[in-house]
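One structure below.
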Amino acid sequence: MKRTHSCGELTARETGREVVLFGWVHNRRDHGGAVFIDLRDRAGLTQVVFEEDAGKELQELAHELRLEYCIGVRGKVVSRGANVNPKLPTGEVEVHVTQAQIFNRSETPPFLIEDRIDTAEEKRLHYRYLDLRRPAVQRPLLLRSRANAVTRSVLHERGFLELETPFLVKYTPGGARNFLVPARLQPGKFYALAESPQLFKQLFMVAGFDRYFQIVKCFRDEDLRLDRQPEFTQIDLEMSFVSQDDVFAVVEELVRALWREVLGVEIPGPFPRMPYDESMREYGNDKPDLRFGLKHMDLTRLLAEHRGAGVSMWSSFAQPSPGQIAKAMVVPASAGLSRTETDKLEEIAKGMGAKGLARAKVDEQGNWTQSPLAKSITPDARAAINAAVGAKPGDVILFQFGKEAQVHTVLANLRLHLGKKLGLIPEYGPRDPKDPASWNFLWVVNPPLFEFDEEQKKYVAAHHAFTRPRDEDLQYLDSDPGRVLCHRYDLVLNGFEIGGGSIRLHDPAVQQKVFAAMGIGPEEAEQKFGFLLQALRFGAPPHGGIALGMDRLSMLMSASESLRDVIPFPKTQKGTDLMTDAPGDADPKQLHDLHITSTAKSQEKA
RNA sequence: GGGGUGUUAGUUAAGCUGGUUAUAACGCCGGCCUGUCACGCCGGAGGCCACGGGUUCGAGUCCCGUACACCCCGCCA
């Protein structure tokens, strides 16, 4: 038998034709006489019928069929007349079997292969090849395949060359933790798995390739999250002789083509931009979800003006102290937040390291109730805060104060939590994938070049050491490095960072100053980044680029709940593969060949 | 490293303030049934209640620990 059609394509047009279908038994309805089988393949379902008068042999075979048997049938396409099944695209017809073959029987599957996925993810991952049979599990992967095709097409069209870079690279300090690979041929030495092609793509620019892209795996040995896997895929690109606007133009064209070709949605451009500083100030992170409000208000200066406002836990705010801030967020009266619910918010805040969650409910007179602050707050300060945050009667004001990063983490997450709880945004995914307004794209631009490392008591690169400072900030490189902003940009979609990049620093003189600001001398720089620094001295062109997270893009486009849903064989939060049981043990011979000794406590062998 | 949620037939769940035989649906097995499409009807099998301790006359239920999965903080662009 040779397959003539898929299980998703037969319609009334094929009536009367003899066809051969291959697939899996999706469902069976055995009436003793006639046996109905829903035959499934990637393309869909077709009802095939073993009729009572089909002959003894066929009848016996039909009764033998069980779920997930892999079979082939030859038969005639027949109109279902009055028995049309409107739920199936192929519901107008059925195939009356004249010949059938069982290619392979199946054990009873551990879960049903159906669209409704309520099986524990642990189980699904253990039998991932069965889980992947589910049409609903296949759908995001089909979408991703399409996105790959569109990406290649758009970028090739725009003159980008698809060039490959090594995975086995030299470890470079800073940034994400690398996976290490022992080098058998060089005893005691290690490769690192590339966390990104960053340095190599810059070398492509030095080499004059002008425009490079790659859909490429990256590896980072960091803790996992809903949107983070240890190996993931980036659409990585780099361009010579470009400004930030040039990069944005290409990326917006690519992203809009993806939404147009894959989802059939026309996203308006250009995408809005927001300074990093504004994002941190109003949303507490660098990837704000602008589909809803609940902005944060900074009260640090106000508290200083009111000498701590009479509240003992705010007394340290009477004098401004670096790194310490006070912020508030207003939950509108319309949210109808109960006291219990507010208490629960405090638990969430504490879970994120907050000491507590001071809050105040504003009454008709502007007084505060249900609040530990109510007694001590000075009336002046209360009125000033009410005015600053725009609180109306019935509103609840939530406060966080202390270390800047801590305050931002807590308030940013509370904002997201409330956005979902109050129904301002869905739990996950876009409200309506077909509605352009459900997709909030945003460029977050011009973050600081350096951040101050409290532990090392010095400035370190916020991104990497080769990001170009803004020209107007070059004057502060020596005097006030923290003030220098740079040509770094992140693309944000619905609160997820889906891409990030920068215009690179190609001027050796400025580069030297940047290193100096971080306390890195010429020798140390040479030792850490030697080959790149050397390359930049041979007439390197101005260049810049970006990397887009293909997994996150696919997750968002397919309205999936997790990155795992767009990766065929994902890892668990502890980095294991429940199907293959990776990572596994290495035997002593292997370790010996690799010149490796394990210091891990030896595990009991079964 | 830390916080939270969960773990009961193959699967998904119920199981109350601890009480003697741990339920249901789907799946599975057997039988019956020409028109079903979540087919139907009759019968049946199937449990280390995640694991290890403890409290108790008695633990699926309460307590402690461990493992695993998920979400989050730290970490990570």
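So you know, we letter chains A, B, ... as the sequences are listed, proteins then strands, and number each from 1.
Closest contact between the side chain of A/Glu497 and the listed nucleotides B/A69, B/A77, B/C73 involves B/A77. Among the nucleotides B/G74, B/C29, B/C68, the one closest to any side-chain atom of A/Thr409 is B/G74. Nearest to the side chain of A/Leu578, among B/G27, B/A69, B/G74, sits B/A69.
In terms of the ring pair (Phe, Tyr, Trp, His ring centres under 6.0 Å) criterion, A/Phe450 has no residue partners (sequence neighbours excluded). Annotation: side chain to side chain contact (heavy atoms under 4.5 Å, CB included) contacts of A/Arg470 (sequence neighbours excluded): A/Asn446, A/Glu472, A/Asp473, A/Leu485, A/His487. Under the salt bridge (Lys or Arg N to Asp or Glu O under 4.0 Å) criterion, A/Asp118 pairs with A/Arg116, not counting sequence neighbours. Checked against ring pair (Phe, Tyr, Trp, His ring centres under 6.0 Å), A/Phe190 has no partners two or more places apart in sequence or in another chain.
To the nearest whole angstrom, the two C1' atoms, one in B/U34 and one in B/C29, are 24 Å apart. Here, B/U17 and B/C75 have their P atoms 41 Å apart, quoted to the whole Å. When the C1' atom is used for both B/U20 and B/G53, the distance is 24 Å, rounded to whole Å. Comparing the same atom, P, in B/G44 and in B/C37 gives a spacing of 26 Å after rounding to whole Å.
Applying the ring-ring contact (aromatic ring centres under 6.0 Å, His included) rule to pairs touching residues 27-49 of chain A yields A/His31-A/Phe36, sequence neighbours excluded. Listed by first and then second residue, the salt bridge (charged side-chain N to carboxylate O under 4.0 Å, His left out) pairs involving residues 549-561 of chain A are A/Arg144-A/Asp551, A/Asp227-A/Arg552 (not counting sequence neighbours). For the salt bridge (charged side-chain N to carboxylate O under 4.0 Å, His left out) condition, the pairs that include at least one residue of residues 31-44 of chain A, sequence neighbours left out, are A/Arg29-A/Asp38, A/Arg40-A/Glu68. The stretch residues 80-93 of chain A participates, sequence neighbours left out, in these salt bridge (charged side-chain N to carboxylate O under 4.0 Å, His left out) pairs: A/Arg80-A/Glu94.
Residue contacts for A/Lys287: at a heavy-atom cut-off of 4.0 Å it reaches no nucleic acid atom on any strand shown. Using a 4.0 Å heavy-atom criterion, one finds that A/Thr576 contacts the sugar-phosphate atoms exclusively.
Residues from residues 556-568 of chain A with heavy atoms under 4.0 angstrom of RNA chain B, sorted by number: A/Arg564. Residues from residues 129-139 of chain A placing a heavy atom under 4.0 Å of any atom in RNA chain B do not occur.
Put simply, CZ on A/Arg66 is 9 Å from C1' on B/C29, counting in whole angstrom units. What separates CG of A/Leu67 from C1' of B/C28 is a distance of 10 Å, to the nearest Å.
Atoms NZ and CG, on A/Lys217 and A/Leu193 in that order, are 11.0 Å from each other to the nearest 0.5 Å.
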Where along nucleotides 5-14 of chain B does protein come under 4.0 Å, by heavy atom, of base (B) or sugar-phosphate alone (S), with - for untouched nucleotides? -----SSS--
Per-nucleotide protein contact along nucleotides 32-38 of chain B, 5' to 3', at a 4.0 Å heavy-atom cut-off (B base, S sugar-phosphate only, - neither), is -BBBBBS
